[in-house]
Amino acid sequence: MSATKGYRGPKGTYDVYPGGGQGQEPHERPELWELVERVARDVFGRYNYSEVRLPVFEEAELFVRSSGETSDVVTKEMFLFTDKGGRELALRPEGTPGVVRAFVEHNLDRLAQPTKLWYMGPMFRHERQQKGRYRQHVQIGAEVLGSPDPLVDVEVISLLYAIHKSLGVKGEVVYLNNLGDFETRRRYVPELRGFLKKHEAHLDPDSRARLDKNPMRTFDSKSKETQELLDEAPLIGDFLSEDARGHLAAVEAGLDALGIPYKLDERLVRGLDYYTLTVFEAKSAALGAQDTVGAGGRYNGLVEQLGGPDLAGIGFGTGVERILLAAEAPEGGAGLDAYFITLVPEARLPALRLAGALRDAGLSCDLDYADRSAKGQFKGADRAGARFAVVIGDEELARGVCALRDMASGEQREVRISDGPQELLRAAGA
RNA sequence: GUGAUCGUAGCUCAGUUGGCAGAGCAUCGGGUUGUGGUCCCGAAGGUCGCGGGUUCGAGCCCCGUCGAUCACCCCA
């Protein structure tokens, strides 16, 4: 916050640093990130997904091709730059294009199908920041390539739901829709456009501008008048092909079987061009206007469009900052096993040696390096959440022992220093 | 990119009609020459976001700028 004296982080970014949570947003706390990573890794493992780690920048063209020339993400939110070889590059605004690119580049369709992948990493969008919206933010995502099976849709949605649930996201509702296949949209879009043209005078300016290029996005409008108008508009549900209708029904049956609560929302459209059939959005009532915690959908034409085989695909992305904002912050972290308190300079080397031995044995410990008073060092032990304080002073050195103090009970016993860490461990265990 | 509100100690915030920058918490030290989490005392910590203007005098008023928050646009 202060920053008169030096540099500040770039607009729309934030730092993760130790601070005991004081004045920090949850996503600024390192212990919460460790928790998220642990949980994500664990859940993905249980669903048999493999991790991919990809560059945070790609050829800009890749995003234009996949996300869509008219999408906001591409037209106004990309961080673009040219490298010294004249290549047009972009910091990735989302994860899916990179994953599909890597899938095609490495011929991952040779692996067992479908290919189930997950990632976690920063995404970049040049937009006005807000709480729960940052220019650099972290998404956890999954992509399943190579299967059109609606039960894969179910798995992906349940995966998203499981991650949120494991991390304590509050007030979550999953919205589901089906945007149809290409045939569906060929019939539906002209119908919708025709309807909107008739009422063009009553549309808000943004919706009017989208009329020709992407009329379905009109459903995203927050204008009251436009929304009232849309009550009369034709809905895509009535235009779904036989296949699309069956797909949606199968997804619903699967979600019901798993007991995942969802709401069908025929007005749900997504900002990216590549979606087909299933789209979904998980929102949390615990957030403000940026209430989407995670979202995704099926993209059956994308792999081929990016130069790969004609394979189906589906995936989601979920924002870690938003997960943490919408979650109950867990309290209490793991403390140290031992904290060494040295009362005379001659005690420092023996303490260092013992601490090293304990660390080698797998215990966590720390010592005072600030030459503090005994009282100060005990405070340090307390603040570090140490289970034991190991005290070495004049008297102990003279008798070749250290005092092992249980910080919770206050009980103290002596252990011979020459007995080494094993004896300390035994004494501590008692 | 548009609009509104805000910016004072590490954190949360007081600061009157413009008159010597404060509190609580946190930090460090002392009370207990070697024993923490309670209590008491003390210390340290600020170019009041930054730059300009008005004024004898600006944390306070005016302009600009940067940043944050909220709402749009859109999204995770």
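Among the nucleotides B/A76, B/G34, B/G1, the one closest to the side chain of A/E321 is B/A76. Taking every side-chain heavy atom of A/Q22 into account, B/C25 is the closest of B/G1, B/C25, B/C28. The A/H137 side chain lies nearest to B/A76 when the options are B/A76, B/C75, B/G36. Distance from the side chain of A/K379 is smallest to B/G36 among B/U69, B/C70, B/G36. In this structure, the nucleotide among B/A4, B/U35, B/A76 sitting nearest to the side chain of A/R128 is B/A4. Counting only heavy atoms from C-beta on, A/D291 has its side chain closest to B/C75 among B/U35, B/C75, B/G29. For A/R405, the side-chain atoms get nearest to B/U35 when compared with the rest of B/G34, B/U35, B/A76. Side-chain proximity of A/K76 to the nucleotides B/C73, B/A76, B/G34 is greatest for B/C73.
For the pair A/E281 and A/R383, nearest-nucleotide mapping onto RNA chain B gives the more 5' position to A/R383. Nucleotides of RNA chain B nearest to A/P10 and A/A374 differ in position, and the one nearer the 5' end is that of A/A374.
As a whole-Å value, the separation of A/R29 CZ from B/G10 P is 20 Å. In this structure, A/Q377 atom CD and B/G34 atom P are separated by 11 Å, rounded to whole Å. Distance, A/Q130 CD to B/G1 P: 14 Å, rounded to whole Å. Distance CG (A/L325) to P (B/C70): 9 Å, rounded to an integer number of Å. Distance NE2 (A/H164) to P (B/A76): 12 Å, rounded to an integer number of Å. Summarising the geometry, the separation between NZ on A/K375 and P on B/C39 is reported as 12 Å, rounded to the nearest angstrom. At whole-Å resolution of the value, NE2 in A/H27 and P in B/A68 are 11 Å apart. In this structure, NZ of A/K11 is placed 12 Å from P of B/U65, rounded to the nearest angstrom.
B/U65 and B/C25 have their C1' atoms separated by 33 Å, with the value rounded to a whole Å. Distance noted for atom C1' between B/A9 and B/G51: 23 Å (whole Å). When the C1' atom is compared between B/C63 and B/U17, the two are found 23 Å apart, to the nearest whole Å. Using P as the reference atom, B/C61 and B/C28 are 38 Å apart when rounded to the nearest Å. For B/U27 and B/G49, the P atoms lie 26 Å apart once the distance is rounded to whole Å. For the P atom pair drawn from B/C62 and B/G19, the interatomic distance equals 16 Å after rounding to whole Å. Nucleotides B/C40 and B/G45 place their P atoms 24 Å apart, quoted to the nearest Å. A gap of 22 Å separates the C1' atoms of B/A4 and B/U8, to the nearest Å.
Within 4.0 Å of A/R125, counting heavy atoms only, lies at least one base atom of the nucleic acid. Within 4.0 Å of A/G12, counting heavy atoms only, lie sugar-phosphate atoms of the nucleic acid but no base atom. Contacts of A/A408 with the nucleic acid, taken as non-hydrogen atoms under 4.0 Å apart, include base atoms. Among the heavy atoms of the strands lying under 4.0 Å from A/G132 is at least one base atom, whether or not backbone atoms are also near. Counting non-hydrogen atoms under 4.0 angstrom, A/Q136 reaches nothing in the nucleic acid. At a threshold of 4.0 angstrom between heavy atoms, the contacts of A/A289 include nucleobase atoms, whether or not backbone atoms are also involved. The residue A/G410 sits close to a base: some heavy atom pair falls under 4.0 Å. In this structure, A/V391 reaches the bases: a heavy-atom distance under 4.0 Å links it to at least one base atom across the strands shown.
Side-chain N/O atoms of A/S373 include one lying less than 4.0 angstrom from OP1 or OP2 on B/G30. For A/R322, no side-chain nitrogen or oxygen approaches OP1 or OP2 of B/C75 to under 4.0 Å. Considering only side-chain N and O atoms, A/R135 lies nowhere under 4.0 angstrom from the phosphate OP1 or OP2 of B/G1. Of the side-chain N and O atoms in A/R372, one or more sit less than 4.0 angstrom from OP1 or OP2 of B/C28. In this structure, A/Q412 does not reach the B/U35 phosphate: none of its side-chain N or O atoms is under 4.0 Å from OP1 or OP2.
Using a 4.5 Å cut-off on side-chain heavy atoms (C-beta onward), A/L145 and A/Y299 make contact.
Counting distance only, with no hydrogens placed and no angle test, the side-chain atoms of A/E77 and the base atoms of B/G1 include no donor-acceptor pair under 3.5 Å.
Taking each heavy atom of A/L397 and A/P350 in turn, the nearest pair found is CD2-CG, 4.2 Å. The two residues A/Q377 and A/T342 make their nearest non-hydrogen contact at NE2-O, 2.8 Å.
Electrostatic pairing of A/E59 and A/R101 does not count as a salt bridge here, judged by no charged N lying under 4.0 Å from a carboxylate O. Classification of A/D15 and A/R8 as a salt-bridged pair fails, no side-chain N sitting under 4.0 Å from a carboxylate O. A/K165 has no carboxylate O lying under 4.0 Å from a charged side-chain N of A/E172, or vice versa, which leaves the two without a salt bridge.
Using Watson-Crick or G-U wobble geometry with both donor-acceptor distances under 3.5 Å, B/C72 finds its partner in B/G1. Across all strands shown, B/G22 pairs with B/C13; the Watson-Crick or G-U wobble distances both stay below 3.5 Å. Of all nucleotides present, only B/A43 satisfies the Watson-Crick or G-U wobble test against B/U27, with each distance under 3.5 Å. Nucleotide B/A58 forms no Watson-Crick or G-U wobble pair with any nucleotide shown, as no partner meets the under 3.5 Å limit on both distances.
Residue A/Y339 holds its OH atom at 13.0 Å from OG of A/S364, rounded to the nearest 0.5 Å.
No close placement of the A/Y262 and A/F280 rings is indicated, their centers lying 6.0 Å or farther apart.
Applying the 6.0 Å contact sphere to CZ of A/R65 captures no more than 12 heavy atoms from other residues, nucleotides or ligands.
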